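Read through the structure below, which is laid out as structure tokens, and then see the notes.
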Amino acid sequence: MPRGLLAGDPVDVAPLLLNKLLVRDGRVGRIVEVEAYRGAEDPASHAFRGRTARNATMFGPPGRLYVYFTYGMHFCANVVCWPEGVAGAVLLRALAPVSGLDAMREARTASWRGAAPAGGGRSAGGRAAAGGVPPDRVTTAPPKALPDRQLASGPARLCQALGITRELDGVDLLTGHRGVRLLDDGVAPPERPGVSGRVGLRLAGELPWRWWVPGDVNVSRAKAQVVGGR
DNA sequence: CTTTGGATCGTCT
DNA sequence: GACGATCCAAAGG
């Protein structure tokens with residue numbers, strides 16, 4: 001993974017990251033879905049309105065990991081692009097698990113055991129105990145183990161599976177510090193990746209800046225997959 | 001199968 | 001004070 005490659009426009013870099021490996025300690029996943037965010041030129045980018053404490057990493061050198069926290073409970077991971085001083089990034093949206101599947105599953109299901117029944121709060125859905133549910137209900141494992149295809153098939157899921165939190169914001173993905181690394185094992189990106197608009201955006205969602213590996217079962221939101229052209 | 005609503009809190013207005 | 005680059009389960013067809 002030459003750093004110079006990552007210094008380019010996120011729209012150019014993003015599809016090139018398909019089929020690269022993301023490594024976190026013993027856990028390895030192959031990148032199968034990405035989105036580009038073009039900083040100051042992109043209304044949907046966290047950096048559109050300039051530098052803040054939260055998005056500072058996006059303004060740093062390329063090849064670093066930008067991690068943000070959202071929806072009060074989820075983390076998402078990006079590869080920083082463009083030269084230092086210019087904000088831009090590629091959001092990693094899905095991985096195909098390669099190794100360390102047990103650790104990924106454990107990380108993804110730990111909240112079932114960890115979730116203590118909240119005192120007064122009631123909840124209709126989710127894993128918190130609803131009123132009247134016995135305590136042992138939340139201390140047991142989920143009814144079924146998560147299928148492999150759901151371990152890292154989403155931007156927040158992959159962070160949970162690999163244990164990526166805001167503590168890892170800013171680490172260099174090319175040197176492997178803190179156990180996080182981007183690796184090229186020789187598998188080329190798809191010649192003809194799937195392309196669509198980005199997911200979950202209020203602004204600029206129609207721009208075709210989402211790419212995935214065609215046919216991969218780990219890609220999120222399969223229904224949104226529409227390959228342009230022929 | 002699709003749709004809907006709740007969870008939950010850091011960040012910026 | 002409002003709102004997410006989301007996920008999950010329950011409800012509805």
Side-chain angles (χ1 to χ4, degrees), chain A residues 10-11 13-14 17 31 33-58 65-81 87-95 104-105 107-133 137-138 140-147 149-162 164-167 169 196-212 218-224:
Chain A
V11 167
V13 174
L17 290 180
I31 298 167
E33 182 186 352
V34 294
E35 283 177 358
Y37 287 85
R38 302 184 77 223
E41 305 175 24
D42 181 359
S45 172
H46 291 163
F48 184 61
R49 312 227 171 236
R51 178 177 185 141
T52 67
R54 177 207 204 188
N55 65 24
T57 296
M58 282 183 102
L65 182 70
Y66 166 52
V67 183
Y68 68 87
F69 179 72
T70 190
Y71 289 105
M73 63 187 85
H74 294 304
F75 296 95
C76 295
N78 301 251
V79 178
V80 172
C81 299
V90 174
L91 172 70
L92 304 180
R93 285 198 57 91
L95 305 177
M104 292 186 194
R105 207 179 320 274
R108 288 273 288 126
T109 57
S111 52
W112 274 94
R113 285 184 301 286
R122 67 167 70 198
S123 59
R127 56 189 66 111
V133 175
R137 173 67 176 75
V138 296
T140 42
K144 286 181 173 181
L146 268 179
R149 65 167 59 187
Q150 285 180 32
L151 288 178
S153 59
R157 287 173 174 180
L158 77 85
C159 283
Q160 197 176 11
L162 296 201
I164 295 173
T165 70
R166 186 111 240 254
E167 293 186 4
D169 178 62
S196 80
R198 294 175 292 180
V199 174
L201 299 186
R202 198 174 48 161
L203 276 44
E206 69 285 352
L207 295 169
W209 291 347
R210 170 176 176 249
W211 296 267
W212 66 89
N218 300 278
V219 173
S220 70
R221 284 178 172 73
K223 191 193 165 194

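The model shown is predicted, which means the values in this text are computed figures rather than measured ones. Note on naming: letters A, B, ... go to the chains in the order of the sequence lines (proteins, then strands), and numbering restarts at 1 for each one.
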Under 4.0 Å, counting only non-hydrogen atoms across every strand here, what does [X] touch: a base, just sugar-phosphate, or nothing?
{"X": "Ala156(A)", "value": "sugar-phosphate"}
{"X": "Arg54(A)", "value": "sugar-phosphate"}
{"X": "Phe69(A)", "value": "sugar-phosphate"}

### Query
So does Arg166(A) have more than 12 non-hydrogen atoms from other groups sitting under 6.0 Å from CZ?
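Yes, enclosed.
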
#### Entry: 5′-ward residue of the pair Asn78(A)/Arg157(A) relative to DNA chain C
Asn78(A)

Out of [options], whichever nucleotide has its closest atom nearest the side chain of [X]:
{"X": "His74(A)", "options": "dA7(B), dA5(C), dC7(C)", "result": "dC7(C)"}
{"X": "Leu91(A)", "options": "dC8(C), dA5(C), dG4(C)", "result": "dA5(C)"}
{"X": "Tyr66(A)", "options": "dG4(C), dA5(C), dT8(B)", "result": "dA5(C)"}
{"X": "Arg93(A)", "options": "dT6(C), dT8(B), dT13(B)", "result": "dT6(C)"}

### Query
Counting only distance, no hydrogens or angles, is the base of dA5(C) paired donor-acceptor with the side chain of Tyr68(A) under 3.5 Å?
yes

### Query
Hey, does the side chain of Arg198(A) come within less than 4.0 Å of dT6(C)'s phosphate (OP1/OP2), counting only N and O?
no

Send over the distance from [X] [atom1] to [N] [atom2], rounded to a whole Å.
{"X": "Phe48(A)", "N": "dC12(B)", "atom1": "CZ", "atom2": "C1'", "answer": "15 Å"}
{"X": "Glu206(A)", "N": "dA5(C)", "atom1": "CD", "atom2": "P", "answer": "15 Å"}
{"X": "Leu201(A)", "N": "dG4(C)", "atom1": "CG", "atom2": "P", "answer": "10 Å"}
{"X": "Arg108(A)", "N": "dT6(C)", "atom1": "CZ", "atom2": "P", "answer": "14 Å"}
{"X": "Arg166(A)", "N": "dT6(C)", "atom1": "CZ", "atom2": "C1'", "answer": "17 Å"}
{"X": "Arg202(A)", "N": "dA5(C)", "atom1": "CZ", "atom2": "P", "answer": "9 Å"}
{"X": "Asp169(A)", "N": "dG10(B)", "atom1": "CG", "atom2": "P", "answer": "15 Å"}
{"X": "Arg49(A)", "N": "dT11(B)", "atom1": "CZ", "atom2": "P", "answer": "18 Å"}

### Query
Quick one: does Leu203(A)'s side chain get under 4.5 Å of Phe48(A)'s, heavy atoms only?
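Not touching, per the 4.5 Å side-chain cut-off.
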
### Task
State, with a plain yes or no, whether a side-chain heavy atom of Arg157(A) is found less than 4.5 Å away from one of Asn218(A).
no

### Query
Any donor and acceptor pair, going by atom type alone, linking the side chain of Arg105(A) with main-chain N or O of Leu146(A) inside 3.5 Å?
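Yes; judged by distance alone, with no hydrogens or angles, the pair exists.
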
### Query
So which heavy atom on Leu158(A) is nearest to which on Leu92(A), and how close?
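Shortest heavy-atom separation between Leu158(A) and Leu92(A) comes out as CD2-O, 3.1 Å.
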
### Query
Using purine N1 to pyrimidine N3 plus N6-O4 or O6-N4 for Watson-Crick, or N1-O2 and O6-N3 for G-U wobble, each under 3.5 Å, what pairs with dT11(B)?
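Its partner is dA2(C).
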
### Query
Taking for each residue the nucleotide of DNA chain B with the nearest heavy atom, is it Arg51(A) or Tyr71(A) whose nucleotide lies nearer the 5' end?
Tyr71(A)

